[in-house]
Each structure stands twice: as C-alpha cells, then as structure tokens.
Amino acid sequence: PSYFSSTDCQLLKAQKRADDCLKYHEALLTKLEKKTLTRFRQKMNTGHVRKKLTPKAAKTILDMTSRIKRRAHRTNKLS
C-alpha cells in the first residue's frame, strides 16, 4: 500500500514487533502492556491518526517489545 512510503520506518518496525508480541507472547503480557500494544496497533491501522504518530511513539513500543522478548527468552531458558 501507499502508506509505506509516507510512514516512518521506525513506526512500521514497531507495528511488526507489536503484532508479533501480541501473537506469540500474549501469555507473558501484563494487562497494561497488552492494552498499550493493542492501542498502538489500532492507531497504526487508522490513517489520519497514523500520520500524527512520531518516532518517539515507536521507541516506546520498541523498548516494551524488547522487554517482552527478554522475558520470553528467560522463561524458555528456565523451562
């Protein structure tokens, strides 16, 4: 779609990681993390809202997904 060219690459990366965390690590998410990732995904799916998002919003999501992935790795390592 055409929004790829007008959307910051950090936002697209954050969208991908948020989708992956919601899909593969849902059991490890707290209520707040799940709510934040779901809201971000909804904002990215809405065109006029997506245009207002800044790379700072992406950084928050990328940091959160990194924490979730580390938590998943520790859980798998202990099992």
Side-chain angles (χ1 to χ4, degrees):
S2 63
Y3 72 86
F4 285 129
S5 61
S6 62
T7 306
D8 186 68
C9 66
Q10 292 296 320
L11 288 170
L12 295 172
K13 190 183 292 186
Q15 181 183 22
K16 171 73 170 126
R17 288 195 184 170
D19 288 342
D20 288 347
C21 281
L22 286 168
K23 186 175 181 182
Y24 298 115
H25 306 299
E26 188 175 4
L28 298 174
L29 300 177
T30 64
K31 287 183 180 183
L32 181 61
E33 289 170 339
K34 188 174 182 179
K35 185 177 179 180
T36 303
L37 292 175
T38 304
R39 283 188 177 172
F40 179 75
R41 188 163 54 172
Q42 289 172 344
K43 288 180 180 182
M44 285 297 290
N45 287 334
T46 308
H48 67 280
V49 177
R50 181 179 54 242
K51 291 178 183 176
K52 295 178 185 177
L53 290 175
T54 62
K56 184 178 179 183
K59 176 132 177 55
T60 304
I61 297 299
L62 291 172
D63 290 345
M64 181 184 297
T65 56
S66 293
R67 282 195 309 270
I68 294 165
K69 283 188 173 190
R70 282 195 300 272
R71 195 180 315 144
H73 181 70
R74 273 196 307 269
T75 304
N76 288 338
K77 192 175 179 182
L78 295 174
S79 297

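Atom set for the values below is all heavy atoms of this structure, side chains included, hydrogens, waters and symmetry mates excluded.
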key: Side chains of Leu37 and Thr65 in contact at under 4.5 Å (non-hydrogen atoms)   = yes
note = From the list Lys23, Arg17, Lys16, side chain to side chain donor-acceptor pair (under 3.5 Å) with Asp20 holds only for Lys16
query = Got a second to check how far Gln15's CD is from Leu62's CG, nearest 0.5 Å?
reply = 11.5 Å
task = Start with the C-alpha distance between Thr7 and Met44, add both sets of side-chain angles, then the distance that settles side chain to side chain contact (heavy atoms under 4.5 Å, CB included), and finish with yes or no.
result = CA-CA 10 Å; Thr7 306; Met44 285 297 290; 4.1 Å; yes
query = Do the non-hydrogen side-chain atoms of Asp8 and Thr54 ever get within less than 4.5 Å of each other?
reply = no
ask   = Any side-chain heavy-atom pair from Glu33 and Arg71 closer than 4.5 angstrom?
value = yes
remark   = On a heavy-atom basis, the closest approach of His25 and Ile68 is CB-CG2, 3.9 Å
Criterion salt bridge (Lys or Arg N to Asp or Glu O under 4.0 Å) on Lys59 and Asp63, from CA distance to verdict = CA-CA 6 Å; Lys59 176 132 177 55; Asp63 290 345; 3.4 Å; yes
ask   = NZ/Lys34 to CD/Glu26 distance, rounded to the nearest 0.5 angstrom?
value = 3.5 Å
ask   = Could you state the interatomic distance from NZ (Lys35) to OG1 (Thr30), rounded to the nearest 0.5 Å?
value = 11.0 Å
Spatial distance of atom NE2 (His48) from atom CZ (Arg50) [nearest 0.5 Å] = 10.5 Å
message = Minimum heavy-atom separation for Ala18 and Phe40, please, with both atom names.
response = CB-CD2, 4.3 Å
inquiry  = Any non-hydrogen side-chain atom of Leu11 less than 4.5 Å from a side-chain atom of Ile61?
reply    = no
key: Connected via hydrophobic side-chain network under 4.5 Å: Leu29 and Met64   = yes
